[in-house]
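Here the structure is laid out as structure tokens; the discussion comes afterwards.
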Amino acid sequence: MSEQRYTELGDFLRSRRAALSPAESGVPTYGTPRRVPGLRREEVAQLAGVSVNYYTRLEQGESHQMSDSVMEAIANALRLDESERLHLLRLAWPAQVARREIGPETVRPAVHALAESTTGQAAIIVGRRADLLGGNRLGFALLGVDPGGRPNMTKRMFLEPSMRDLLVDWESQARATVAYLRMASGDQPDDALLAELVGELSIKSPEFARIWATHPVAECLHSVREYDHPLVGRLTLNEESLRLPDDPGQRLIFSGAEPGSPSAERLALLGSLVS
């Protein structure tokens, strides 16, 4: 395990400890003033049933010797969700996580055809580094992207002012984007281009750097997104994100509206404008 991996493990544990209040964990405070809102190291150690010295060494990057049972105990103490537990595993035991050869990213013709033939819903194909790899005309129009363009969606989120106007809840969507990027970086820690992307965004966007420092981790599955589209107005769309098992890291994302809703009418109008 590299020194960077030691540091990332400690940073992740500290971020989750800081985000968990004594009340959430059932830790008594007896009315004693606290310097920080989160749990103390000794409180996490007690909840996990490990020594304070051992847990402190984990956070300080001086030890990574965690058995499965200890890892599970710490995950329970910090109340990690499924995505966070997987991220902890990747940081603590990277050798146990299957690695894939990193090469040029391509999309199979059948996947392109599926996205392009979809009607009534916006469809896009996103790669492992959040590059837009394809989609249908409605998908490109929804995002305000030229059909021939292949931008990085995380760069657009943080570096293009138009995204703040397009996404009604920009802060929430921005955090979700960073959470997925953090998970991708744990899955492929040797991806130099992914590391370069994180570095560039950390320099160019204070908002990205702020969110990245909190170590959010989450998988992109399904959600409801609200758009304020410059051509058709407000849209509330159900988003389904499907991983492509034969193309690890790639996702096919569909966005559609409830039938008969004003959003469905506006989405159909947008489709007619770009057809």
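These figures come from a predicted structure and were not determined experimentally.
Side-chain contact check for R128 and Q250: no donor-acceptor pair (N or O, by modelled atom type) lies under 3.5 Å.
Judged by distance alone, the side chain of H229 and the main-chain N or O of A141 form a donor-acceptor pair under 3.5 Å. For the pair E43 (side chain) and R40 (backbone), a donor-acceptor distance under 3.5 Å is present.
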Listed pairs under 3.5 Å, donor-acceptor, residues 142-158 side chains, sequence neighbours left out:
unit_1, atom_1, unit_2, atom_2, d
D146, OD1, G148, N, 2.8
R150, NE, L133, O, 3.2
R150, NH1, P147, O, 3.0
N152, OD1, T154, N, 3.0
N152, OD1, K155, N, 3.0
N152, ND2, R129, O, 2.7
N152, ND2, D131, OD1, 2.9
K155, NZ, E200, OE1, 3.1
R156, NE, E160, OE1, 3.2
R156, NH1, L143, O, 3.0
R156, NH2, L143, O, 3.1
R156, NH2, E160, OE1, 3.4

I'd like a table of donor-acceptor pairs (distance under 3.5 Å, sequence neighbours excluded) in which one partner is a side-chain atom from residues 112-124, with atom names and distances.
unit_1, atom_1, unit_2, atom_2, d
S117, OG, A113, O, 2.8
S117, OG, L114, O, 3.2
T118, OG1, L114, O, 2.8

Is there a side chain to side chain contact (heavy atoms under 4.5 Å, CB included) between L201 and W212 once you walk through the steps? CA-CA 10 Å; L201 287 167; W212 183 261; over 6 Å; no
Evaluate E171 against I211 for side chain to side chain contact (heavy atoms under 4.5 Å, CB included), listing each step before the verdict. CA-CA 10 Å; E171 177 73 24; I211 299 173; 4.1 Å; yes
Can you list the steps and then say if R164 with E207 is a salt bridge (charged side-chain N to carboxylate O under 4.0 Å, His left out)? CA-CA 12 Å; R164 298 174 187 268; E207 292 96 337; 3.0 Å; yes
Is there a side-chain hydrogen bond (donor to acceptor under 3.5 Å, both in side chains) between R175 and T214 once you walk through the steps? CA-CA 10 Å; R175 182 174 178 82; T214 65; 3.3 Å; yes
Could you go step by step and tell me if F12 and L80 meet the side chain to side chain contact (heavy atoms under 4.5 Å, CB included) rule? CA-CA 11 Å; F12 179 66; L80 302 186; 4.2 Å; yes
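Under a hydrophobic clustering in which Ile, Leu, Val, Met, Phe, Trp and Tyr are joined whenever their side-chain heavy atoms come within less than 4.5 Å, directly or via other members, M163 and Y180 fall into different clusters. In terms of hydrophobic clustering, with Ile, Leu, Val, Met, Phe, Trp and Tyr side chains grouped at heavy-atom distances under 4.5 Å, L58 and V217 are assigned to a common cluster. Residues L89 and V44 share a hydrophobic cluster, clusters being chains of Ile/Leu/Val/Met/Phe/Trp/Tyr side chains in contact below 4.5 Å. When hydrophobic clusters are built by joining Ile, Leu, Val, Met, Phe, Trp and Tyr residues whose side-chain heavy atoms come closer than 4.5 Å, directly or via intermediates, L269 is grouped together with L138. Note on L242: it does not cluster hydrophobically with I253, by side-chain heavy-atom contacts below 4.5 Å among ILVMFWY residues.
Every residue meeting the side chain to side chain contact (heavy atoms under 4.5 Å, CB included) condition with A264, not counting sequence neighbours, appears here in chain and number order: A257, S261. Considering only residues two or more places apart in sequence or on other chains, E226 meets the side chain to side chain contact (heavy atoms under 4.5 Å, CB included) condition with V168, R234, T236.
Shown here for L166 and P230, the closest heavy-atom pair between the two residues is CD1-CD, 4.4 Å. Scanning both residues, A45 and Y55, for their nearest heavy atoms gives CB-CB, 4.1 Å. The two residues A130 and V126 make their nearest non-hydrogen contact at CA-CG1, 3.5 Å. The two residues N136 and G139 come nearest to each other via the heavy atoms OD1-N, 2.7 Å. Residues A73 and A48 share a closest heavy-atom pair of CB-O, 3.4 Å.
The closest side-chain heavy-atom distance from L86 to M183 is below 4.5 Å. Counting only heavy atoms from C-beta outward, the side chains of L39 and L47 approach each other to under 4.5 Å. With contacts defined as side-chain heavy-atom distances shorter than 4.5 Å, the pair L267/V232 does not qualify. With a 4.5 Å cut-off on side-chain heavy atoms, H222 and N238 do not count as touching. Counting only heavy atoms from C-beta outward, the side chains of L194 and L181 approach each other to under 4.5 Å.
Through direct or indirect side-chain contacts shorter than 4.5 Å among Ile, Leu, Val, Met, Phe, Trp and Tyr, I203 is connected to no other residue.
Atom CG of L235 sits about 8.5 Å away from atom CG of D228, to the nearest 0.5 Å. We find the OG-CG distance between S83 and L88 to be 12.5 Å, quoted to the nearest 0.5 Å. Atom OG of S255 is separated from atom CZ of R225 by 7.0 Å, given to the nearest 0.5 angstrom. Here the straight-line distance linking atom CD of E59 with atom OH of Y54 works out to 12.0 Å at 0.5 Å rounding. Atoms CZ and OG, from F208 and S202 in turn, are 5.0 Å apart once rounded to the nearest 0.5 Å. One distance of note links CG of L197 with OG of S185; it measures 10.0 Å at 0.5 Å rounding.
Sequence neighbours left out, the pairs with a member in residues 70-84 that pass salt bridge (charged side-chain N to carboxylate O under 4.0 Å, His left out) are R16-E84, E72-R85.
Dense packing is recorded around CD of E239, with more than 12 heavy atoms of other residues, nucleotides or ligands lying under 6.0 Å away.
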